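Worksheet: the structure to be examined is printed underneath.
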Amino acid sequence: MLEYNSAEVEKKWQRKWEENRVFESKEILGKEKYYCLSMFVYPSGNLHMGHVRNYSIGDVFARFYKMKGKNVLHPVGWDAFGLPAENAAIKNNIHPSKWTKQNINRMREQFKSLGISYDWSREFATCDPEYYKWNQWFFIKMWQKGLIFRKNANVNWCPSCNTVLANEQVLNGMCWRCDSRTEHINLEQWFIKITNYADKLLEGNKSLNGWPEQVLAMQRDWIGKSFGAEIDFVLNGLNKKLKIFTTRPDTLFGATFMVTAPEHEIISEIKSEITNYNEVLKYIAASSCKSNIERASSRHKTGVKLEGIKAINPATGKEIPVFTADYVLTTYGTGAIMAVPAHDQRDWEFAKKYNIPVTEVIKGNNSSIEKCAYEDEGILVNSGQFSGIKSAEALNLVSEWVEKQGFGKKTVNFKLKNWLISRQRYWGTPIPMIHCKECGIVPVPEKDLPVVLPEDVKFTGKGESPLKSSETFLNVKCPLCGMDAKRETDTMDTFVDSSWYYLRFCDPLNNHSAFDTAKADYWMPVNQYIGGIEHACMHLVYSRFWYKVMRDLNLAKQDEPFTNLLTQGMVTLNGSAMSKSKGNIVSPDKIIEKYGADTARLFILFAAPPQKQLDWSAEGVEGCWRFINRIWRLFDIVNKKTEFAASEKDKTDILRIMHRTIKKVSIDIEKKTQFNTAISSVIELVNVLYSYKYHSNDDGISMEAYKTVILLMTPFIPHICEEIWEMLGYKEYVSTHMWPGYDESIIETSYIELPVQINGRLKGKIMVPVQIDEDEVKKTVNTNGKIAPYLKDKQIIKFIYVKNKIVTIVVK
RNA sequence: GCUGAGGUGGUGGAAUGGCAGACACGCAGGUCUCAGGAGCCUGUCCCCGCAAGGGCGGUAUGGGUUCAAAUCCCAUCCUCAGCACCA
């Protein structure tokens, strides 16, 4: 038999699959669908091992369910807008669209060399005007629904990318793309009111049983719902109120001062009353120079008292001082707090530093406020009519009292901020709005969509958005009054593109709507979504939000777009992430060239469960290559004629192991998403076939088992399986063959080996019939040569027989 | 600090109340061979033993529940990930 030639075989089947459109799908009413989606790829120019892992995992699901008889949708596309293309334009003087298309062409070939079962007829890129037209259409729909607004806001600015960033895109004060330190500037920007859906997103989290707990927890934290109260504190003699948010209304009587964020507008409103206003201004200026990180990391809280200003604690009626300090965030709650130093550590530190009285209002067992604040539950003291009540109850009682008295109300607060979606860059979806001096902001009429990106643009990397340099783009007539007007030059955050692409895949060629609702109803929701954990609070929140908006626009029926989510682990080399800068990259192309895609896929799927980190191992790859060749050589061994005849026992054994393996692989893929153990059980079956020395005259059972090996391995290593399937005489693709079923009654043996424990230690094993009852087991144990001696002259305290599992005897 | 996931051989990892270490890598030995860095076979948690065999030895540590614990409960330690002055 010839050596296995992976390069030739893989090319052959990739061509056949493509020519015969084996993996193209269409809606078939009455046939159960399965939508499998790996997060689409940014066309950076090169596939890396993380991609290979992502798409190999997706392909196992897609191929498995196809063989199980489901109507599988497994599409592929390109998340093609974004900064790298524009940076390439600046650096290499190549148009972003050209750069992107080159990369797509190259990566498409790489994808094809992996043999992923994609429906290529549905391919699209988000930079196609036929796609981004619908971004614009959705934008206008949301604008009409009041979900989009413009606001002058203090926003995150990346000086290197020259654009603003959403909150989610600032990680530890750094830009998520380029790692530069971000700044805060004041700009007029476009926002989407994602906070309108904060509660619905949180509520929806509870129904996502197919999502990893880790992602749900991250989203929960990110949305950050907390219950509390808003309370107004009167500024004495000023006819003004300072509104605060607290989650601890039970500590209201202990509020001995107030603090506003330095950015709080009240300061300028009452500046004439502040006797040390210059000092306050100086402090505000100093804080604004600090980054969020510097503010948070500074050990010592700083602040300045607003001299001449007194607030009144509405519960005690006492006058208390007001400070401004940058440990209070302008972006959370109302940007001001009531400070309760006895029961909040931050306030405690601040009070100590500025000699503010600390009033204890919650008393716990042995609690003390001498060395630090007491933040736990307890009994209220020094709290007027509420003294003596448990703090847990007081939370509610005080809020209700406050509400009745008319100086506040119960409320909830979210950490989630509205989604800033405008970017001052070229390579994105133009925001379809027109600024008219007379009519204000006017949406582009639907018939004029898409607003296409102009070609006459200069990429200098300096100054304002490149779109502002295009005269043809900039100048338009107002759709309402017909006068000269200007186009909006901001483009959309690329996370808009990825918020609904899974719906476009249901109907990618539609040119009169974003997608046909009936088609989307057929395919949605995505049964299995696969991608990296880094999208937990960005893409996966935005998409869920977008889908809920579409549901409210009657474009979608379900509440959630992704039923099951698998977040694959990182691919590392010697424990650290592969990266260009570290120079520790293993190139997929080289591995495919040397061993073939099957080997690369097998290693990735076998070396670790999909969710865990996977460390690359050259030896491990070598081992997978050996296994693939072992399957290849088994073809001859199974077909070889020998004079040995198989015994009945051999035959039933092999049949039983075969059925057991089918069961194990099916469950591991379908129920446990644990591909490594699925593969190892097939390896065991192959090892069994190697160790049997007959391979003729066994009623074709070893051949049956070999065919089973091929069928079971097809989702993992499809190319070699197709080749062997053809060698076995089949005319159809193994990829479209039915997944094998198993017979529980064959897996069960008539005899079973029972372990026998005495006082918790394994002492031996007995062979017994499956249906055996406890009395029979006792007899067998007592006559067993190995076990009986342990029972001699001993008193049996307990005898436990767990059917078909174990025998345990306790003796004295 | 908060949230979440974890801690098992030389390594990746199996086993989720019932035989710890499946399967693979690595290593060692054998076999075939002119040759082997190919293939095939055997062994490989630890301790005692040449072996057969034996071990209330063994799943981060200490305790507990149970006939039975890697698995459940309590405490402690450690690792990873996310968030972090969110009032």
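Proteins get letters first, then strands, A, B, ... in listed order; numbering begins at 1 in each. Small disclaimer: the values here were computed from a predicted structure and weren't measured. Worth knowing before you read on, the calculation uses all heavy atoms, side chains too, and leaves out hydrogens, waters and symmetry mates.
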Looking at A/R630, does any N or O in its side chain come under 4.0 Å of the phosphate oxygens OP1/OP2 on B/rC40?
-> yes
Are A/Y327 and B/rA87 close enough that a side-chain N or O sits under 4.0 Å from OP1 or OP2?
-> no
Could you check which of B/rA87, B/rC19, B/rG39 has an atom nearest any side-chain atom of A/K765?
-> B/rC19
Of the nucleotides B/rC83, B/rC19, B/rA22, which has the atom closest to the A/L762 side chain?
-> B/rC19
Round to the nearest Å and state the distance from [X] atom [atom1] to [N] atom [atom2].
X: A/I631; N: B/rG39; atom1: CD1; atom2: C1'; value: 16 Å
X: A/I679; N: B/rA22; atom1: CD1; atom2: P; value: 18 Å
X: A/I637; N: B/rG39; atom1: CD1; atom2: P; value: 12 Å
X: A/I628; N: B/rC23; atom1: CD1; atom2: C1'; value: 16 Å
X: A/W625; N: B/rA24; atom1: CH2; atom2: C1'; value: 18 Å
X: A/M218; N: B/rC2; atom1: CE; atom2: P; value: 19 Å
X: A/I758; N: B/rG55; atom1: CD1; atom2: C1'; value: 15 Å
X: A/L634; N: B/rC40; atom1: CG; atom2: P; value: 10 Å

Any idea how A/H535 and A/F495 line up, ring-wise: parallel (<30°), tilted (30 to 60°), or perpendicular (>60°)?
-> perpendicular
Should the ring pair A/F350 and A/Y327 be called parallel, tilted or perpendicular, given that the plane angle runs from 0 to 90° and is split at 30 and 60?
-> tilted
Does A/I809 or A/D344 map to a spot on RNA chain B nearer the 5' end, using the closest nucleotide for each?
-> A/I809
Mapping A/A336 and A/C537 onto RNA chain B by nearest heavy atom, which one lands closer to the 5' end?
-> A/C537
Which nucleotide, in any strand shown, forms a Watson-Crick or G-U wobble pair with [N], with both distances under 3.5 Å?
N: B/rG62; answer: B/rC74
N: B/rC23; answer: B/rG12
N: B/rG17; answer: none
N: B/rA81; answer: B/rU3

Base, sugar-phosphate or nothing for [X]? Non-hydrogen atoms, less than 4.0 Å.
X: A/N687; result: sugar-phosphate
X: A/S226; result: sugar-phosphate
X: A/K763; result: sugar-phosphate
X: A/K798; result: sugar-phosphate

Between [X] and [Y], does any side-chain donor sit less than 3.5 Å from a side-chain acceptor?
X: A/T302; Y: A/Y283; result: yes
X: A/N413; Y: A/S226; result: no
X: A/T182; Y: A/N156; result: no

Charged N-O contact under 4.0 Å between A/E213 and A/R220 = yes
Who passes side chain to side chain donor-acceptor pair (under 3.5 Å) against A/W616, sequence neighbours left out?
-> none
Pair A/F675 and A/F606, ring centroids less than 6.0 Å apart = no
Heavy-atom protein contacts under 4.0 Å, nucleotides 4-18 of chain B, coded B base, S sugar-phosphate only, - none | S-------SSSS--B
